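Working notes, structure below.
Predicted model, so just to flag it, every value in this text is computed and none were measured.
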Amino acid sequence: MSGIFAAASRSDRADITDYCDPDAPWNQAWDGQGGIVDWNDDVIREFRENSGKVGGAYAGGDLILPTTRGARSRRRHPVPLAPLYRGDVMFVSSFTEDRYPAWWYNIKVNPQVVVELRD
């Protein structure tokens with residue numbers, strides 16, 4: 001796993017217990033339209049407008065929105081992530097196989113993170 005965030009409430013959360021679950025939003029096919037940055041911007045906007053609920057591939061799933069500061073730029077970077085719960089511990093990953101995601105490096109350099117969860 002690339003990163004771990006503190007325990008969170010289990011209410012109002014989809015019952016996905018495994019990252020390999022074929023019904024998990026992150027395991028759905030992406031149509032490749034637009035760039036991932038544009039896609040994230042739309043998800044972030046929808047998350048904030050609807051108290052953490054979004055449609056599309058993540059409809060019915062639980063998302064968190066950590067905002068880190070860039071390791072070099074110091075700019076704020078929100079990134080939507082889908083958590084997986086094991087007991088009271090929340091795990092998150094960006095599913096990159098060959099390197100850690102940018103948010104992981106940002107947290108290593110600037111460990112203060114704002115995490116939005118639901119409303």
**Study point:** Closest approach of M90 to P83 (non-hydrogen atoms, all atoms of both residues)
**Key:** CG-CB, 3.4 Å
Review point. Of the non-hydrogen atoms in A71 and Y105, which two are nearest, and what is the gap between them?
Key: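 Closest approach of A71 to Y105, heavy atoms only: CB-O, 4.1 Å.
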Is there side-chain contact between [X] and [Y], with at least one heavy-atom pair below 4.5 Å?
X	Y	answer
K53	L63	no
L117	F47	no
I64	V92	yes
S51	R118	no
P66	V79	yes

Review point. In chain order, what residues pass the side chain to side chain contact (heavy atoms under 4.5 Å, CB included) check against R76, with sequence neighbours excluded?
Key: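 With sequence neighbours excluded, R76 shows a side chain to side chain contact (heavy atoms under 4.5 Å, CB included) to T67, R69, given in chain and number order.
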Study note, to complete from the structure: Residue set satisfying side chain to side chain contact (heavy atoms under 4.5 Å, CB included) with A102, at least two apart, ordered chain then number -> none
Point to revise | All salt bridge (Lys or Arg N to Asp or Glu O under 4.0 Å) counterparts of E116, not counting sequence neighbours | key: R48
Check your understanding: Is I107 linked to Y100 within one hydrophobic cluster, defined over Ile, Leu, Val, Met, Phe, Trp and Tyr using a side-chain heavy-atom separation of less than 4.5 Å?
Key -> yes
Review point. Is there a chain of hydrophobic side chains (I, L, V, M, F, W, Y, each step under 4.5 Å between heavy atoms) that links V113 to L81?
Key: yes
Practice item. Scan side-chain atoms only and decide if T68 and N106 contain a donor-acceptor pair under the 3.5 Å cut-off. Key: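 Yes, because at least one side-chain N or O of T68 sits under 3.5 Å from a partner of the opposite role on N106.
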Check your understanding: From R74 CZ over to N110 CG, what is the distance, rounded to the nearest 0.5 angstrom?
Key ->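 Rounded to the nearest 0.5 Å, the CZ-CG separation comes out at 4.0 Å.
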Review point. About how many Å separate CZ of F91 and CZ of R86, when rounded to the nearest 0.5 Å?
Key: 6.5 Å
